[in-house]
**Q** 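I have a structure I would like to understand better, so I am pasting it below and will then ask my questions one at a time.
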Amino acid sequence: MNTKILSTTEYDIALAGEILRSGGLVAFPTETVYGLGANALDEDAVRRIYVAKGRPSDNPLIVHIARKEDIVPLVTEVTPMAKALMDAFFPAPLTIILPKSDAVSDVVSGGLNTVAVRMPGNEIARRVIRAAGVPIAAPSANTSGLPSPTKAEYVIDDMMGRIDAVIDGGDCQYGVESTVLTLATDTPTILRPGAITKEMLEQVIGAVNVAPAVLEGMAENETAASPGMKYKHYSPNAKVMVVKGDSRQYRDFVNTKKDAYALCFEEDDVAIPHIVYGKQDDDLAQAKNLFDALRRLDKMGARRVYAHIPHIDGVGMAVYNRLIRAAAFCVIDLTKPFAIGLTGQTGAGKGYVAERLQARGFNIIDCDSVVRDIYDTDADLVQSLAAAFGTDVVDNGRVNRSRLAQIVFEDREKLATLNAMVHPAVMNACRKMARFPCVLDAPQLFEADAQQDCYIVVSVLADENTRLQRIIDRDGIDEASARRRMSSQYSRQYFLEHSDYVIYNDGGDIERQIDDILAEIW
Ligand code: TXA
Ligand code: MG
C-alpha cells in the first residue's frame with residue numbers, strides 16, 4: 001500500500017474525509033498524540049486498524065466526534081454526569097466511557113457493552129472528523145507496544161505502507177494520550193490518567209477514583225514484587241529503568257553507568273549521554289516530551305536508559321503511568337538504605353556471593369559481625385539482655401555469646417525474646433553504616449523484617465546435601481548438629497516466595513547469575 005502524506009489544506013482534509021468514508025485508514029494529529037482513524041460505523045474498516053497496529057482485538061477503541069451532540073447515537077443515555085463533563089471540558093484530552101448503543105459494533109468496543117467517546121481539542125482532528133461525516137474510531141497511531149507518536153514522522157516510521165494516509169499537522173500539544181474516565185462504575189474511575197487531571201474532574205463531578213492499575217500496574221496473576229518481569233507497554237527497544245531518588249542520588253548513580261543513557265530533568269547535571277524531558281516540577285513539559293524522548297533514544301541507539309522518576313501529582317500521574325510501563329515496572333529505588341538484601345540458607349554460599357558483589361563495587365555490611373560488635377559495645381542492649389536473661393549472660397560489660405546461646409537453644413520463646421531485642425539494634429547499626437551502593441548480608445533478613453529497607457532481596461540457595469557438607473567442613477561440627485542448624489531456618493519454599501531473585505549455588509555459574517540480576521534491575 002502506498003501511504004499518502006497529506007497536509008492540512010482544505011483539499012487534503014477533504015481527501016482524508018473521502019478515504020475514511022470509503023473504509024480507509026488515515027492517521028491525523030490530535031492535541032494528545034496522533035490517532036489512526038477509521039469509520040467507526042464500518043466494521044471492516046475498524047478491523048483494519050487492529051491489523052495495521054498489530055493490536056489485540058479485545059483492546060477497545062475510542063470513538064472520536066466533532067460535536068458534543070454526536071455522542072447521543074453512540075450511547076444508551078447521556079447521563080447528567082456525562083453532560084456536566086462534556087459542558088465543562090469538551091473539546092478536550094478527555095475520554096468518557098458510557099454504556100454503548102447498538103450503533104457501536106463489538107469490533108469497536110472489543111466485545112464490551114460500553115463505549116469510549118472523545119471530542120478532540122485539536123482543530124485539524126475535528127476538521128477531519130467533519131469531512132468524513134461519521135464518528136471516527138482511533139487508537140494512537142503507533143505499532144502496538146511502541147511509544148505513541150507525537151509527530152507525523154513517528155507515524156510514518158511505524159505505519160508507512162500499512163495505512164492509506166497520514167496528515168502532517170506538526171507536534172502534538174500534550175504528548176500523552178487522553179484521560180480515560182469510566183462513568184459505567186458507581187464512582188467515576190480514571191482508567192488512564194492524562195492532561196485532564198483527577199483534581200480538574202473532581203471540581204465538576206465530585207469524587208473520582210483512580211484504578212489501582214494506573215499506579216501499580218502489576219500484571220494479572222502476579223503476586224511477588226519482582227521488578228522487570230511485568231507487562232510492558234509504550235516501550236522503546238532500549239531497556240528503560242526508572243530511578244527513584246533526589247537529583248544528587250540520581251546523578252551519582254547514573255554517572256557510574258557505562259554504555260547507558262539518562263532520561264533526566266533539567267536540574268540533574270548528569271555526565272553520561274542524556275535527553276532532558278523537562279524541569280523537575282514541570283509535568284506538562286515532561287508529558288509533551290516523554291514519548292518523543294523514548295523514540296529519540298532508540299534512534300540514538302540506546303540500549304539501556306535510566307529515567308529519573310517524575311512526581312505523581314497532577315499531569316505527573318500521566319507521565320509516571322506511561323514511564324513505569326515503558327520500564328516494565330522496573331523502579332530502582334535509591335532511597336532505601338540497602339540496594340540488595342542478601343540472605344539465604346545456611347551453607348548455601350551467601351558469603352561468596354557477597355564477595356562477588358563487592359568485586360562489582362558494592363559496599364557489604366556483614367550482619368553477623370555487626371551482631372558481634374554490638375554485643376561488645378552497645379551498653380543499652382547489654383543491659384537489657386542482662387535484665388531479660390540474667391546477669392551471667394554478661395562478662396565485663398560484654399555479652400557472653402555462648403552463655404546466651406545455651407539459654408535460647410531449644411527454647412523458642414526465649415529465642416523470640418532475644419531476636420526482638422537484638423534485631424532492631426542490629427538494623428539501626430546497619431542503617432548508620434550503609435554507604436551507597438550497599439549490600440546487607442543478613443542470614444536473618446526476614447526474621448529482622450529488613451526487606452522493607454532493601455530495594456531488592458536476593459536469596460542464595462543450594463540443595464540439602466551440598467549445604468550439609470559445606471556446614472560440616474566449614475564449622476567442623478557433626479552431621480546431627482549441622483542438620484539441626486539447617487532445620488532451624490526457613491524452608492526453601494519460604495525463601496523462594498519472599499525473594500525478588502534467587503541465586504542457585506550448586507555448581508551453576510554464579511558470576512553469570514549475578515550479572516543477569518544486575519543487568520535486569522540495576
Ligand atoms: O488521546 C487519546 O486518547 C488517543 C488519541 C488518538 O485520541 N487515543 C488513544 O487510543 O490513546 P488508544 O486506543 O491507544 O487507547 C484507548 C484506551 C485503551 O487503553 C483502551 O483499553 C481504553 O482506552 N478503552 C477504550 N474503550 C474502552 C472501554 N469501553 N472500556 C474500558 N477501556 C476502554
Ligand atoms: Mg495506544
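Quick caveat, the model's predicted, so the values are computed rather than measured. Start at 1 and go down the list; that is how both ligands and their atoms are numbered. Numbers for residues simply follow the sequence, beginning at 1.
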**Q** Using the side-chain hydrogen bond (donor to acceptor under 3.5 Å, both in side chains) rule, take Arg118 and Thr30 through it: C-alpha gap first, then chi angles, then the decisive distance, then the call.
**A** CA-CA 11 Å; Arg118 143 163 149 83; Thr30 82; 3.0 Å; yes
**Q** Give me the residue, atom name and distance of the protein heavy atom closest to atom 31 (C) of ligand 1.
**A**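 Minimum-distance protein heavy atom for atom 31 (C) of ligand 1 reads Ile97 CD1, 3.4 Å.
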**Q** Would Glu177 count as being in polar contact with ligand 1, using the rule that some N or O on each side must be under 3.5 angstrom apart?
**A**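 The answer is no, given that Glu177 and ligand 1 share no N or O pair closer than 3.5 Å.
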**Q** With a 3.5 Å distance limit and no angle check, can you tell me whether Asp268 reaches the backbone of Val270 through a side-chain donor-acceptor pair?
**A**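 Between the backbone of Val270 and the side chain of Asp268 there is no qualifying donor-acceptor contact (under 3.5 Å).
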**Q** Any idea which part of Thr182 is under 4.0 Å from ligand 1, heavy-atom wise: side chain, backbone, both or neither?
**A**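 Within the 4.0 Å criterion, Thr182 makes no contact with ligand 1.
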**Q** For the backbone of Ala271 and the side chain of Arg251, can you confirm whether one donor and one acceptor N or O come within less than 3.5 Å of each other?
**A**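 Not a single qualifying donor-acceptor pair exists.
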**Q** What I want to know is whether Tyr34 and ligand 1 share at least one N or O pair that is separated by under 3.5 angstrom.
**A**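 No, since none of the N or O atoms of Tyr34 sits under 3.5 Å from an N or O of ligand 1.
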**Q** Go through ligand 1 atom by atom and flag the ones less than 4.0 Å from a non-hydrogen atom of Leu191.
**A**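 So the atoms of ligand 1 that pass are 31 (C), 32 (N).
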**Q** Taking 4.0 angstrom as the limit and counting only heavy atoms of Gly35, give me the atoms of ligand 1 inside it, by number and element.
**A**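 Heavy-atom distances to Gly35 below 4.0 Å select 6 (C).
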**Q** Are Arg47 and Asp44 ion-paired here, with the side-chain N under 4.0 Å from a carboxylate O?
**A**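 Between Asp44 and Arg47 there is a salt bridge, with a charged N closer than 4.0 Å to a carboxylate O.
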**Q** Which option, Ile62, Thr30, Val33, Val115, owns the non-hydrogen atom nearest atom 16 (C) of ligand 1?
**A**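 Residue with the shortest heavy-atom distance to the ligand atom: Ile62.
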**Q** Numbering the atoms of ligand 1 from 1, which are under 4.0 Å from a heavy atom of Pro60?
**A**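 Per the distance check, 20 (C), 21 (O), 24 (N), 25 (C), 26 (N), 27 (C), 28 (C), 33 (C).
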**Q** Which protein heavy atom lies closest to atom 15 (O) of ligand 1, and at what distance to 0.1 Å?
**A**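 Among all protein heavy atoms, the one nearest atom 15 (O) of ligand 1 is Arg192 NH1, 3.0 Å.
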**Q** Side chains of Glu177 and Ser148: is there a donor and an acceptor less than 3.5 Å apart?
**A**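 The criterion, which ignores hydrogens and geometry beyond distance, is satisfied for Ser148 and Glu177.
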**Q** Just jot down the ligand 1 atoms closer than 4.0 angstrom to any heavy atom of Ser178, in number order.
**A**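 Here the atoms of ligand 1 in question are 1 (O), 2 (C), 3 (O).
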**Q** What part of Arg55, side chain, backbone, both or neither, has a heavy atom within less than 4.0 angstrom of ligand 1?
**A**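 For Arg55, the contact with ligand 1 is made by the side chain alone.
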**Q** Run down the list Val104, Leu94, Asn59 and name the one with the heavy atom closest to atom 19 (O) of ligand 1.
**A**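 Heavy atom nearest to atom 19 (O) of ligand 1 belongs to Asn59.
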**Q** Which residue, Leu183, Ile97, Ile96, forms the side chain to side chain contact (heavy atoms under 4.5 Å, CB included) with Pro188?
**A**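 When Leu183, Ile97, Ile96 are each tested with Pro188, the side chain to side chain contact (heavy atoms under 4.5 Å, CB included) holds only for Leu183.
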**Q** Closer than 4.0 Å to some heavy atom of Ser140 - which atoms of ligand 1 meet that?
**A**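 What qualifies from ligand 1 is 8 (N), 9 (C), 10 (O), 12 (P), 14 (O).
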**Q** For the residue pair Thr32 / Ser178, report whether a side-chain donor-acceptor contact shorter than 3.5 Å exists.
**A**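 Side chains of Ser178 and Thr32: no pair found under 3.5 Å.
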**Q** Just checking, is any N or O donor in the side chain of Asp292 or Tyr154 under 3.5 Å from an acceptor N or O on the other one?
**A**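 Looking only at side-chain atoms, Tyr154 and Asp292 do form a donor-acceptor pair, the distance falling under 3.5 Å.
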**Q** Going by the order shown, which atoms of ligand 1 are within less than 4.0 Å of some heavy atom of Ala116?
**A**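 Contacts of ligand 1 toward Ala116, numbered from 1: 25 (C), 26 (N), 27 (C).
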**Q** Out of curiosity, is Ala138 lining ligand 1, as in a heavy atom under 4.0 Å away?
**A**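 Distance cut 4.0 Å: Ala138 passes for ligand 1.
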**Q** Give the numbers and elements of all ligand 1 atoms closer than 4.0 Å to a heavy atom of Thr32.
**A**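 Here the atoms of ligand 1 in question are 1 (O), 2 (C), 4 (C), 5 (C).
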**Q** To the nearest 0.1 Å, how far is atom 10 (O) of ligand 1 from its closest protein heavy atom, and which atom is that?
**A**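 Ranking protein heavy atoms by distance from atom 10 (O) of ligand 1, first comes Pro139 CA, 3.3 Å.
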**Q** Measure up the Tyr250 and His308 rings against each other and bin them: parallel (under 30°), tilted (30 to 60°), perpendicular (over 60°).
**A**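 Taking His308 first and then Tyr250, their aromatic rings lie parallel (interplane angle under 30°).
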**Q** Can any side-chain N or O of Glu31 pair as donor or acceptor with the backbone N or O of Gln173 at less than 3.5 Å?
**A**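 No, because the side chain of Glu31 does not come within donor-acceptor range (under 3.5 Å) of the backbone of Gln173.
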**Q** I'd like to check which ligand 1 atoms, numbered from 1 as shown, lie under 4.0 Å from a non-hydrogen atom of Leu112.
**A**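 Atoms satisfying the 4.0 Å criterion: 28 (C), 29 (N), 30 (N).
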**Q** Side chain or backbone of Thr114 under 4.0 Å from ligand 1, or both, or neither, by non-hydrogen atoms?
**A**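 Both backbone and side chain of Thr114 come within 4.0 Å of ligand 1.
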**Q** Do Lys288 and Asp282 meet the salt-bridge criterion of a basic N to acidic O distance under 4.0 Å?
**A**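 Answer for the salt bridge query: no.
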**Q** Below 2.8 Å, any N, O or S contact between Ser148 and the Mg ion (ligand 2)?
**A**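 No, outside the cut-off.
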**Q** Please classify the His64 to ligand 1 contact at 4.0 Å (heavy-atom distances, strictly less than): side chain, backbone, both or neither.
**A**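 Side chain only.
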**Q** Give me the ring orientation class for Phe362 and Trp522: parallel if the planes are under 30° apart, tilted from 30 to 60°, perpendicular past 60°.
**A**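 Ring orientation, 0 to 90° scale: tilted.
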